[in-house]
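Per chain, numbering begins at 1; letters A, B, ... match sequence-line order. Quick caveat, the model's predicted, so the values are computed rather than measured.
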Amino acid sequence: MSNKPDENLPTREVILSVNRVVKHFDISGGLLDQLKFKNGKLMRQRTTVKAVNDVTLSINKGETLSVVGESGCGKSTLARVVMGLYPPNSGEIYYRSHRIDRLSHEKMLPFRKKMQMIFQDPYASLNPRKTVQQTLEEPLRFHNPAMDTASVEHKIAEVMEQVGVNPAWRGRYPHEFSGGQRQRISIARALVLDPEFIVADEPVSALDVSIQAQILNLLMDAGRDRGLTYLFITHDLSVVQHISTRVAVMYLGTLCEVARADEMFIRARHPYTRALLSAIPKIGETRAKHIKLKGEVPTPVNLPTGCVFHGRCVYADARCSAEVPKLTALDSGSFVACHAVEEGREIK
Amino acid sequence: MKNHMTRFRESYFFYSFKRDKVAMASFFILLIFLLMSASAPLISPYDPYDSHNIDIMNSEMPPSWYDEGSPEFLLGTDNMGRDLLSTMIYGLRISVLIGIGAVLLQAFIGILVGLTAGYVGGKVDAVLMRVADIQFSFPYLMVAIFISAIFQILFGIGSYEKMAVPLLIVIIGLAEWPVYARTIRASVMGEKNKEYVEAARVIGLSRPVIMIRHVLPNTLTSVMVISTIQVANAVMSEAALSFLGLGMPVTMPSLGSLIKSGFEYIFSGSWWITIFPGLFLILFVLVINLLGDWLRDVLNPKLYKG
Amino acid sequence: MSHLLEVEKLEVKFALRSGDLIAINDVSFTLDQGERMGIVGESGAGKSVTGFAIINLISKPGLISGGRIIFNGREISSLPDSEMRKIRGNRISMIFQDPMMTLNPVFTIGTQMLETLYAHRDISRRDAEKIVLEKLRKVHIPSPEKRLSQYPHEFSGGMRQRIIIATSLLTNPAIIIADEPTTALDVTIQAEIMDLLQELCDSEKMGLILITHDLGVVSQVTEKMAVMYAGKIIESGKTSQIVSRPVHPYTMGLIKSLPGVLKPGEKLYQIPGMMPNLTEIPPGCAFNPRCEIKEDICSREEPPLVQKESGVLAACHLKN
């Protein structure tokens, strides 16, 4: 565990840690789909998407850790593995000091109450046949069977108030609300159980610009008022810069760089992070030359050998295509998985 | 609930219903049919099951507007001397009963299987769907012949008459449940990857609860659409079985068995015994199908979201 | 001097069961040869409708109910469809957000590109292939000869969008309308596609209308821009001017609300409420219920789009 990304930070209470997690999906279908002719022989071939490969990460209490990366990099899968929606193929997940990735449904319930999730699509994340009241009531009653109706009502009104949806609208159905309001209701559902840890999977990506700011403010306020810890999944780097304490950059299922947000936006080290940051269209700036990456993103079905980024990296050499780089601490406190950075080959 | 009433009146559903003349007409005709079958003992002039009302001397009387007809029997009488109109209304009652009963059974089995197969997936799904395929590859007529033959041998023809209605419900119900299973499975597979289902799992709800409380209500639109078509199909199946002599006995005729019993007399000139129940049946099935088509268009999520 | 494209007081109406819905109203702008213009707005503001209206692709129950569109000195908004087809996809091309929607999955890209070309030009197969290859090279597709016989699914999202752009270039259009061309793509690919569009506008002297919600992209790619709100242009002018000194409170709010403008962790500026539905636009200025500096007049009178001190046009009653 020498490469645990938070080692250099002052000792803090770790709320969630992910240790060497691997998640692969078998997409080869039924037996008949798997059979393929190869060199004149009938072979059974399985196709697996290697969504998350050996990811180690920990999240401290009260911080917002953002996981960024482009589509298909495995960030949403990581979020769902953390939430126990997908069981990992290998590796461990700890909530505080309890291992939670192998718990039975019943044993998991106390943790479910503390860990909640906010989803990307405000149109799909609310059950269209349930009123706001029903949506918010369900988790409350499920986890607190002894709670009386008056307190349930009170709690629902309180949470709706907090997320900025008029409690008088509790009898309405999702289709009567706009995208932004639905996202507020979705946040209310996560907050109603008073969790300590929230995974937010692209919570503002589907929203209009002026609504994005409202939702981000709401999340930041709720985080501050309730002392929440966030695992924030997004592809939007300006959002990341604004809200994160630390940032983890993912590429093809692997972590490239984990660093404090301020540090990363000033001195990104991994060549991929640099390319990513240079591509953000910033308002008011004349178009700075962004770093062009060669080639295309490989598919997570056939991962490249060695460093997954080597095919597109200008600093890549023989070592990069043979050996998988490990996340290594730098003097700045950042963690970078890159042979070139380690050897000082990359130009600063 | 005034709120619900106004909401319904302002809904797209009600709006398109009002605009579609065919759907409106079909709905009202269907409503009349259903009311007739529900209140058969109150509205029909005679009780065709009561042997005191039946006089063999009245058999094969033509409709009342013919010279040989009698004003007592509006649409004439059948070969056993029963008032045709009354027998048709009672026959409709039996057809509706079997149709709805069979569809309820189909829906129950089909929803259970489809929901489980779609939500659990994997091997369970494969096994259940193969069972459905096998069930579908049996012609229901063969199954019906088989079951009713066994029944009649085991319990005798006498008890068959008493048990005919539930037996037909079971035969037709068992024959067509895969229709439901497939539709439900397809829509469950579409729904189960939506984020609201993941949200329910994050809350910690168990699979059966998520299936019944979250996924099932969102598949009910397709259930509604196929149910209308399936009722029509079941009524037709029952008529076909009765026509072949495998359905309702002549003492307790459904529309199908009436058509059949009249069919033997059609060449001797007594056309009304077959034609009137036949028209009755066609109209009944037609309005259900028209209504089903309209429903499918309205509820099609591709055409309207809400 | 006449412009390449002149849109004058354009109005598009949708005849719905609940009554007429005015999707865009009084939209006017011009575009010159080689000029890049951005149309910015939130969903439902009418920016896509504007794009469709220019090439007369408003489908029923919608119709262009007012205004003029003058392209190369010719009024095109009322042309019959047979005439319009000679312009649409030929002189004015349009590209969309999702390349998979535009490409037919069952044909190779070579077939599809040739077909597009044959539809507008009467040329031999050999010449046509030459043009196709030339355009594919222009959008930097490596080894285009091999790529011609491949199907859309064999390309990545970014490559597909390049093919769409190459297809739209086949007929050497004077204008390309790009409706959210990079929204479905990742940032690194978005940057490349935007580079490409910019480069093509310069080398081919092509006009570009970039329809997007992304102020960052617009500010980097375009020379002038129009901000739409509830079916109207509420501010338009030079991009650099608007971005650095917006006049309309809505534009100001949009820019201020972007994360990355303030210090990390600070509360973002938020415009209260949301854009009204087109069926319930408030009287006066459509933005007045959300405006923080509104005065009495704002809820009574609709502000005209007029020149302000900084040189941009804005529809706001207030001086600054």
Out of K47(C), E42(C), E180(C), which residue meets the side chain to side chain donor-acceptor pair (under 3.5 Å) rule with H213(C)?
E180(C)
Aromatic rings Y250(C) and F287(C): how do their planes relate, parallel, tilted or perpendicular, breaks at 30° and 60°?
perpendicular
Relative to chain A, which segment of K263(C) carries a heavy atom at a distance below 4.5 Å: side chain, backbone, both, or neither?
backbone
Below 4.5 Å from any heavy atom of chain A, which atoms of D214(C) appear? Answer side chain, backbone, both or neither.
side chain
Residue L258(C) versus chain A: region with a heavy atom under 4.5 Å
side chain
Which atoms of D262(A) come close to chain C, meaning under 4.5 Å heavy atom to heavy atom: side chain ones, backbone ones, both, or neither?
neither
Only pairs of heavy atoms separated by less than 4.5 Å count here; which of Q241(A), Q214(A), Q212(A) has the most with chain C?
Q214(A)
Any chance the rings of F96(C) and F52(C) have centres within less than 6.0 Å?
yes
Which of parallel (below 30°), tilted (30 to 60°) and perpendicular (above 60°) describes H175(A) and Y173(A)?
parallel
Please work out whether the ring planes of F309(A) and Y251(A) are parallel, tilted or perpendicular, with thresholds of 30° and 60°.
perpendicular
Tell me, side chain or backbone of P272(C) under 4.5 Å from chain A's heavy atoms, or both, or neither?
backbone
Does atom NZ (K61(A)) have a neighbourhood of more than 12 heavy atoms from anything else shown, all under 6.0 Å?
yes
Could you check whether any side-chain heavy atom of Q162(A) comes within less than 4.5 Å of a side-chain heavy atom of D221(A), counting everything from C-beta outward?
no
In terms of heavy-atom pairs under 4.5 Å with chain C, which of T299(A), V209(A), L207(A), I243(A) leads?
V209(A)
So for S244(C), is it side chain, backbone, both, or neither that comes closer than 4.5 Å to the heavy atoms of chain A?
neither
Looking only at S210(A), G180(A), G69(A), the option with the highest number of non-hydrogen pairs under 4.5 Å against chain C is S210(A)
Most heavy-atom pairs under 4.5 Å with chain C, out of R224(A), E70(A), Q181(A), belong to E70(A)
Heaviest contributor of heavy-atom pairs below 4.5 Å to chain A, chosen from S43(C), G41(C), P142(C), S156(C), is S43(C)
Heavy atoms from other residues, nucleotides or ligands near NZ of K294(A) exceed 12 (cutoff 6.0 Å):
yes
Please determine, among V240(A), L216(A), D208(A), the option with the most heavy-atom pairs under 4.5 Å with chain C.
D208(A)
